Trainee: 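Dumping the structure here so I can ask a few things about it.
The first residue in the sequence is number 1, and the count goes up from there. For the numbers below, each heavy atom of this structure counts, side chains included, while hydrogens, waters and symmetry mates do not. Given the structure is predicted, the values throughout are model-derived calculations rather than measurements.
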Amino acid sequence: MDTCPICGGMGYVTRNVPVDHPDFGKAFPCACQRDILAARRQVRLHNLGHLEAFTDQTFESFRTDLPGLSDEQLATLRTCYERAWSYAQHPSGWLLLSGTYGSGKTHLAAAIANHRLAQSDHVFFITVPDLLDHLRSTFAPNAEIEYDEMFEQVRNTPLLILDDLGAESSTAWAGEKLYQLFNARYQQRLPTVITTNHSVAELDPRIRSRLADWSLTQQLNMALPDFRRGGATETRGSLSNLGLYGDMVFETFDLRERVLPEKERRNLREAYEIALSYAQHPENWLIFMGEHGSGKTHLAAAIANYRQRMSEQVVLVTLPDLLDYLRAAFSPHSELPFDRRFDEVRTAALLVIDHLDTSSATPWAREKLRQIVEYRYLTRLPTVFTTVETLDQIDPVVRSRLLDRRRSLIFAILAPDYRGGEAPPRPPHGRR
């Protein structure tokens, strides 16, 4: 092997600096050692992770035909598998896998890691609590690596997979370190996979703002039971009525162009375009108002079905059914306590409340609705409402939130009740 002309084979060099410079007389690795040192750092980083415990969790061993699941759950499972596999082929941006314990999200994250390792890529797979423990350990007097060096390695690793975000101790130090890590990788757009048992709304607001960037992050909600318990359990799907609206998609929406007057035809087309745009990039709130049968429920359901196909956690429910679901928690036979049912509603990634009608609501119902609306208002969670009520008929607390133009778009559909595609008789001068 040829001797390095710079260090003469010593492996280190000193810098030509003045005597009073802090680097004077210090030995630094020579450029010839760069690849060797990088390889050593990668091995050390790999050893800190826990991927060896998941070597059997590959795409080949992931089952998408589990017994005891509904057709909707099986479709969700297959979609999550396919999108994780697609990400593993070409890691780009961020992938967020959320769901209950045992739903399979860690298996898919480990499968991505194992696939990339097979391609000789550099991958760092670790649980968030363990990562923070390792960072804390660098402050010990006998630490083998300094904090700055370890943090830089984690921050710049080509593919970082963080398992169980949200399980860490919620200290100010932990929150700051995680934010710094997420922010650095966000700015560099470095491929990152995250799993969590929490809803995005429950995470640190600074991290949530990064995860909510639709141009960077794919969100896969694995709304599935704990497979490790050997069967299906009550899940978010028991609340949502979306399965009843499976045929209400954008492709089946009738714009009624041959039967509506020009003004109402343009209005319905605009409602359709607003709904489609919202489905593609759901942000803030959307409220459709109009007569029964005007098409507002179809458009709301189309948004929900669109996001469901993106494996997002979606709840579509009429207000009466929602209130019945919450009341059912007080039954002695209920398997879910009230707080869990309530949390399912208020933290859903996308909530669609059909038939918002507070005219005959009891004080208890008004209070629960106000709490849900207030929480989603403060956390800016995407929410769609439909109603036949006028604004002055809606509960005043709810109305005050709906009228905030910074958060809400209210659109009144002018089309009349749809009756087999024909417009009903109307006064000669049209709507007043």
Trainee: For the residue pair Val128 and Leu132, establish whether any side-chain heavy-atom pair is separated by less than 4.5 Å.
Mentor: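 Side chain of Val128 against side chain of Leu132, heavy atoms only: contact under 4.5 Å found.
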
Trainee: Distance check, rounded to the nearest 0.5 Å: Leu108 atom CG versus Leu220 atom CG?
Mentor: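 Result: 8.0 Å between the selected atoms.
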
Trainee: Ignoring hydrogens and geometry, is there a side-chain-to-backbone donor-acceptor pair from Asn284 to Leu409 under 3.5 Å?
Mentor: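 Checked: no pair found.
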
Trainee: For Thr106 and Asp163, test the side chains for any donor-to-acceptor distance below 3.5 angstrom and give the result as yes or no.
Mentor: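 There is such a pair between these side chains.
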
Trainee: What residues, two or more places apart in sequence or in another chain, satisfy side chain to side chain donor-acceptor pair (under 3.5 Å) together with Gln57?
Mentor: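 Scan of Gln57 (side chain to side chain donor-acceptor pair (under 3.5 Å), adjacent residues dropped) gives none.
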
Trainee: Any salt bridge between Asp324 and Arg327, counting N to O under 4.0 Å?
Mentor: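 Yes.
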
Trainee: For the backbone of Ala300 and the side chain of Tyr278, can you confirm whether one donor and one acceptor N or O come within less than 3.5 Å of each other?
Mentor: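 Not confirmed, Tyr278 side chain does not pair with Ala300 backbone.
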
Trainee: Looking at Glu176 and Arg206, is any side-chain nitrogen of the basic one under 4.0 Å from a carboxylate oxygen of the acidic one?
Mentor: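 Glu176 and Arg206: salt-bridged.
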
Trainee: Nearest 0.5 Å, what's the CZ-CG distance between Arg185 and Asn156?
Mentor: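 Output value for this atom pair is 7.5 Å.
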
Trainee: Please name the pair of heavy atoms, one in Asp357 and one in Glu389, separated by the smallest distance, quoted to 0.1 Å.
Mentor: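 Answer, listing the atom of Asp357 first, then Glu389: OD1-OE2, 3.0 Å.
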
Trainee: Got a sec, which residues hit salt bridge (Lys or Arg N to Asp or Glu O under 4.0 Å) with Arg155, two or more places apart in sequence or on another chain?
Mentor: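 Here no residue qualifies.
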
Trainee: Taking the side chain as every heavy atom from C-beta outward, state whether Ile161 and Val123 have any pair of such atoms under 4.5 Å apart.
Mentor: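 Heavy-atom side-chain distance check passes, below 4.5 Å.
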
Trainee: Does Arg136 reach the main-chain N or O of Ala174 with its side chain, forming a donor-acceptor pair under 3.5 Å?
Mentor: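 Side chain of Arg136 to backbone of Ala174: no pair is present.
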
Trainee: Any chance you could measure Phe288, atom CZ, to Ile274, atom CD1, to the nearest 0.5 Å?
Mentor: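 The CD1 atom of Ile274 is 6.0 Å from CZ of Phe288, to the nearest 0.5 Å.
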
Trainee: Among residues two or more places apart or on two chains, list those pairs meeting salt bridge (Lys or Arg N to Asp or Glu O under 4.0 Å) that have a residue in residues 311-321.
Mentor: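 Those involving residues 311-321 are Arg307-Glu312.
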
Trainee: At what distance, to the nearest 0.5 angstrom, does CG of Leu96 lie from OG1 of Thr192?
Mentor: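 Those atoms lie 11.0 Å apart.
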
Trainee: Listing request: all ring pair (Phe, Tyr, Trp, His ring centres under 6.0 Å) pairs with a residue in residues 169-213, at least two apart in sequence or in separate chains.
Mentor: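 Residue pairs with at least one partner in residues 169-213: Trp94-Phe182.
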
Trainee: Which residue pairs pass the ring pair (Phe, Tyr, Trp, His ring centres under 6.0 Å) test when at least one of the two sits in residues 341-371, sequence neighbours left out?
Mentor: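 Of all non-adjacent pairs touching residues 341-371, those that pass ring pair (Phe, Tyr, Trp, His ring centres under 6.0 Å) are His292-His355, Phe338-Phe342.
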
Trainee: Show every side-chain hydrogen bond (donor to acceptor under 3.5 Å, both in side chains) that has at least one partner inside residues 396-405, sequence neighbours left out.
Mentor: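 Only Glu374-Arg401, Tyr377-Asp404, Asp404-Arg406 qualify under side-chain hydrogen bond (donor to acceptor under 3.5 Å, both in side chains).
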
Trainee: Keeping Thr362 on the side-chain end and Ala365 on the backbone end, is there a donor-acceptor pair under 3.5 Å?
Mentor: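 Answer holds: yes.
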
Trainee: Would you check if Met310 and Arg83 make a side-chain contact, meaning some heavy-atom pair closer than 4.5 Å?
Mentor: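 Result yes, sub-4.5 Å side-chain heavy-atom pair found.
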
Trainee: According to side-chain hydrogen bond (donor to acceptor under 3.5 Å, both in side chains), does anything in residues 84-93 pair up with another residue at least two apart or in another chain? List the pairs.
Mentor: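 Only Gln89-His115 qualify under side-chain hydrogen bond (donor to acceptor under 3.5 Å, both in side chains).
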
Trainee: Locate the shortest heavy-atom distance separating Asp247 from Thr252; write the atom from each residue and the value.
Mentor: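 Between these two residues, the closest heavy atoms are O-OG1, 2.7 Å.
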
Trainee: With side chains defined as the heavy atoms from C-beta onward, is the minimum distance between Leu391 and Ile410 less than 4.5 Å?
Mentor: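 Sidechains of Ile410 and Leu391: in contact.
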
Trainee: Between Asn221 and Cys80, which heavy-atom pair has the shortest distance, and what is it?
Mentor: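 Scanning both residues, the minimum pair turns out to be O-SG, 4.2 Å.
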
Trainee: With side-chain contact (heavy atoms from CB on, under 4.5 Å) as the test, would you mind laying out the steps for Lys368 and Val345 before giving the verdict?
Mentor: CA-CA 11 Å; Lys368 297 304 116 182; Val345 179; over 6 Å; no

Trainee: Which heavy atom of Ala301 sits nearest to which heavy atom of Leu242, and what is that distance?
Mentor: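 Taking every non-hydrogen atom into account, O-CD1, 4.3 Å.
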
Trainee: Should the pair Arg256-Asp254 be classified as a salt bridge under the 4.0 Å nitrogen-to-oxygen rule?
Mentor: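 Asp254 and Arg256: not salt-bridged.
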
Trainee: For the pair Phe125 and Asn114, evaluate side-chain contact (heavy atoms from CB on, under 4.5 Å) and give the outcome as yes or no after the intermediate values.
Mentor: CA-CA 10 Å; Phe125 178 103; Asn114 285 317; over 6 Å; no

Trainee: Could you grab the distance from atom CD1 of Ile394 to atom OG1 of Thr387, nearest 0.5 Å is fine?
Mentor: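 Ile394 atom CD1 to Thr387 atom OG1 measures 4.5 Å (nearest 0.5 Å).
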
Trainee: Specify the closest pair of heavy atoms between Arg63 and Leu77, including all atoms of both residues, with the distance to one decimal.
Mentor: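 Between these two residues, the closest heavy atoms are O-CD2, 3.4 Å.
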
Trainee: Mind checking side chain to side chain contact (heavy atoms under 4.5 Å, CB included) for Leu276 and listing every partner two or more places apart, or none if nothing turns up?
Mentor: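 Listed in chain order: Phe250, Tyr272, Gln280.
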
Trainee: Applying salt bridge (Lys or Arg N to Asp or Glu O under 4.0 Å), which residue pairs with at least one partner in residues 92-119 are found, sequence neighbours left out?
Mentor: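 Listed by first then second residue: Arg116-Asp121.
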
Trainee: Please walk me through it: do Val249 and Tyr306 pass side-chain contact (heavy atoms from CB on, under 4.5 Å)?
Mentor: CA-CA 7 Å; Val249 294; Tyr306 187 100; over 6 Å; no

Trainee: Can a donor-acceptor pair be found, under 3.5 Å and without considering hydrogens, that links the side chain of Thr196 to the backbone of Ile194?
Mentor: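 Side chain of Thr196 to backbone of Ile194, a donor-acceptor pair under 3.5 Å: no, none is there.
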
Trainee: Any side-chain to backbone donor/acceptor pair from Thr195 onto Asp164? Under 3.5 Å, distance only.
Mentor: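 Yes, Thr195 side chain to Asp164 backbone: donor-acceptor pair under 3.5 Å.
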
Trainee: According to side chain to side chain donor-acceptor pair (under 3.5 Å), who are the partners of Asp395, at least two apart in sequence or on a separate chain?
Mentor: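 Side chain to side chain donor-acceptor pair (under 3.5 Å) list for Asp395, sorted by chain: Arg366, Arg370.
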
Trainee: Do any N or O atoms from the side chain of Arg208 and from the backbone of Glu202 form a donor-acceptor pair under 3.5 angstrom?
Mentor: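 Between the backbone of Glu202 and the side chain of Arg208 there is no qualifying donor-acceptor contact (under 3.5 Å).
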
Trainee: Please evaluate residues Ile413 and Glu291 with respect to the criterion side-chain contact (heavy atoms from CB on, under 4.5 Å), reporting the C-alpha separation (whole Å), side-chain torsions for both, the decisive distance (0.1 Å), and the verdict.
Mentor: CA-CA 8 Å; Ile413 298 178; Glu291 297 180 12; over 6 Å; no

Trainee: Who passes side chain to side chain donor-acceptor pair (under 3.5 Å) against Asp56, sequence neighbours left out?
Mentor: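 Listed in chain order: nothing, the list is empty.
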
Trainee: Where the side chain of Thr383 meets the backbone of Leu381, is there a donor-acceptor pair that is under 3.5 Å apart?
Mentor: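 It does hold such a pair.
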
Trainee: Roughly how far apart are Tyr375 OH and Thr347 OG1, rounded to 0.5 Å?
Mentor: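 Tyr375 OH to Thr347 OG1: 6.0 Å, rounded to 0.5 Å.
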
Trainee: Show, in sequence, the C-alpha distance, side-chain angles and deciding distance for Thr390 and Gln393, and conclude whether the side chain to side chain donor-acceptor pair (under 3.5 Å) test is met.
Mentor: CA-CA 5 Å; Thr390 59; Gln393 293 174 308; 3.1 Å; yes

Trainee: Just checking Glu146: does its CD atom have more than 12 heavy atoms from other residues, nucleotides or ligands closer to it than 6.0 angstrom?
Mentor: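 For Glu146, atom CD is not crowded (no more than 12 foreign heavy atoms under 6.0 Å).
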
Trainee: Determine whether Ser209 and Arg380 make a side-chain contact, defined as any pair of heavy atoms from C-beta on separated by less than 4.5 Å.
Mentor: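 No; the side chains remain at least 4.5 Å from each other.
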
Trainee: What pair of heavy atoms forms the shortest contact from Pro282 to Ala279, and how long is it?
Mentor: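 Smallest heavy-atom distance, with atoms named: CD-O, 3.7 Å.
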
Trainee: Kindly write out the residues that satisfy side chain to side chain contact (heavy atoms under 4.5 Å, CB included) with Glu367, not counting sequence neighbours, or none if the list is empty.
Mentor: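 Only Gln371 meet the side chain to side chain contact (heavy atoms under 4.5 Å, CB included) criterion with Glu367.
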
